[in-house]
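Right, one structure below, let's go through it.
Convention: sequence-line order gives letters A, B, ...; per-chain numbering from 1.
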There are 2 protein chains.
Amino acid sequence: MCYFGQKAGVNMENKKSDCEAINLDLVERIRPNMPEMNTLYELSDFFKVMGDGTRIQLLWALEESEMCVGDLAVLLNMTKSAVSHQLKVLRTAKLVKAQKKGKNVIYALDDYHVKNILEKALEHVRE
Amino acid sequence: MCYFGQKAGVNMENKKSDCEAINLDLVERIRPNMPEMNTLYELSDFFKVMGDGTRIQLLWALEESEMCVGDLAVLLNMTKSAVSHQLKVLRTAKLVKAQKKGKNVIYALDDYHVKNILEKALEHVRE
DNA sequence: TTGACAATTGAACAATTATTGAACTATAAT
DNA sequence: ATTATAGTTCAATAATTGTTCAATTGTCAA
């Protein structure tokens, strides 16, 4: 995950178009309404975090119940290591939170928007 | 974009966990509530499409007004080629639609969920 | 037809990323 | 203390992906 970086070869601020606008008025009217670069990076980084099958499964599972890493690993048929890596990504994105309990670390959802967004996305996916 | 494939090294069906469940009851109670693999792939592919700064910009722009490729290229300061590549991704994901008009191809939003999802995502991003 | 412009496409490259396996930390039980 | 278990982290690897550049297609105008 890049969190605040650019994708392969992307450099949003300094790119150059290779053509003139057909409808320059329109373009210049819209330009000020475009989001700030910061907002853009945050938005696409958020979706990048959601854009992974393992992490979607983790969110889905945690929507059912909080769970420790090992249980999540069994549920998803993955190694603890792989699960831990992805949980870290989700935690950094503030989508899940962790709480140490004895030998275990219990993970739980940390954002009430997630369920909402997942539902909307499902609506789209199901035509 | 992989649309229906797996990410680097991912093989959702045949992975192996490296541990036993702490709370097997919980795991087995949740398992049947997990989404089907198909749904999962579709969901994460949808988010993958949204998880790119260029594509977010394109969606945002098209939310303001339909536009041809050249205008989008000028607005985003990118080459027509790069824009066209990303529009194709969005079109395949059924998020935008294209309509030929003379020498130009006019792109427009094709999904009423997108605005909604973008808004929810913004809420999250802005804490 | 010829030339110019708009857009798409394919190959290639650089960068990013998810998993693996091993090493490491921390906690609990004996 | 020692052992075992839970989880994290590091390095390496294989795969994916966004942009660039060049070539191509399609459309309009002269």
Side-chain angles (χ1 to χ4, degrees), chain A residues 1-12 14-23 44-45 47-49 51-58 67-74 76-92 98-107, chain B residues 1-12 14-23 44-45 48-58 67-74 76-92 98-107:
Chain A
M1 251 329 106
C2 74
Y3 296 129
F4 237 105
Q6 280 108 305
K7 253 269 124 116
V10 177
N11 182 346
M12 284 192 194
N14 305 328
K15 280 169 300 189
K16 261 286 161 66
S17 177
D18 59 347
C19 61
E20 303 290 312
I22 305 290
N23 195 339
S44 60
D45 278 348
F47 286 118
K48 251 175 246 166
V49 172
D52 174 78
T54 297
R55 290 192 291 266
I56 292 279
Q57 285 187 91
L58 288 171
M67 251 180 291
C68 66
V69 179
D71 285 353
L72 286 165
V74 172
L76 306 203
N77 270 310
M78 297 181 65
T79 61
K80 273 179 299 185
S81 176
V83 168
S84 180
H85 275 297
Q86 297 308 330
L87 283 171
K88 185 180 189 172
V89 174
L90 291 171
R91 199 151 35 111
T92 307
Q99 182 197 1
K100 188 134 200 172
K101 222 172 192 174
K103 257 190 297 188
N104 295 312
V105 177
I106 312 293
Y107 279 86
Chain B
M1 251 330 108
C2 75
Y3 296 129
F4 241 104
Q6 282 111 302
K7 255 260 117 106
V10 178
N11 182 346
M12 285 193 196
N14 305 329
K15 280 169 300 190
K16 262 285 161 74
S17 177
D18 59 347
C19 60
E20 302 290 312
I22 305 290
N23 196 338
S44 60
D45 279 348
K48 251 176 246 167
V49 172
M50 304 283 284
D52 174 77
T54 297
R55 292 192 290 266
I56 293 278
Q57 284 187 90
L58 289 171
M67 253 180 289
C68 67
V69 179
D71 285 353
L72 286 166
V74 172
L76 305 204
N77 271 309
M78 296 181 65
T79 61
K80 273 180 298 186
S81 176
V83 168
S84 181
H85 276 296
Q86 297 307 332
L87 284 170
K88 186 179 189 172
V89 173
L90 290 171
R91 199 152 33 109
T92 307
Q99 181 196 1
K100 189 135 201 173
K101 223 171 192 176
K103 255 191 299 190
N104 296 314
V105 177
I106 312 293
Y107 279 86

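- Mapping B:V69 and A:Q86 onto DNA chain C by nearest heavy atom places B:V69 at the nucleotide closer to the 5' end.
- The phosphate of D:dG7 has neither OP1 nor OP2 within less than 4.0 Å of any side-chain N or O from A:K100.
- Looking at heavy-atom distances under 4.0 Å, A:S81 makes contact with a base.
- At C:dT9, one or more side-chain N or O atoms of B:K88 fall inside 4.0 Å of OP1 or OP2 (strictly under the cut-off).
- B:N104 has no side-chain polar atom (N or O) that falls below the 4.0 Å cut-off from OP1 or OP2 of D:dT27.
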(message) Dot-bracket, 5' to 3', for DNA chain D please: Watson-Crick or G-U pairs under 3.5 Å, [ ] where pairs cross earlier ones, | where the partner sits on another strand, dots elsewhere.
(response) ||||||||||||||||||||||||||||||
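- Side-chain contact between B:D52 and B:V89: absent, with no pair of heavy atoms (C-beta onward) separated by less than 4.5 Å.
- Residues satisfying the side-chain contact (heavy atoms from CB on, under 4.5 Å) test with B:S81, not counting sequence neighbours, are B:T79, B:H85.
- Side-chain atoms of A:S84 stay outside donor-acceptor range of the base of D:dG7, with no qualifying N/O pair under 3.5 Å.
- You can call B:H85 stacked on the base of C:dT9; the centres are under 5.5 Å apart and the planes sit within 30°.
- The phosphate of D:dT8 has OP1 or OP2 within less than 4.0 Å of a side-chain N or O from A:Y107.
- Using a 4.0 Å heavy-atom cutoff across all strands shown, B:C19 reaches no nucleic acid atom at all.
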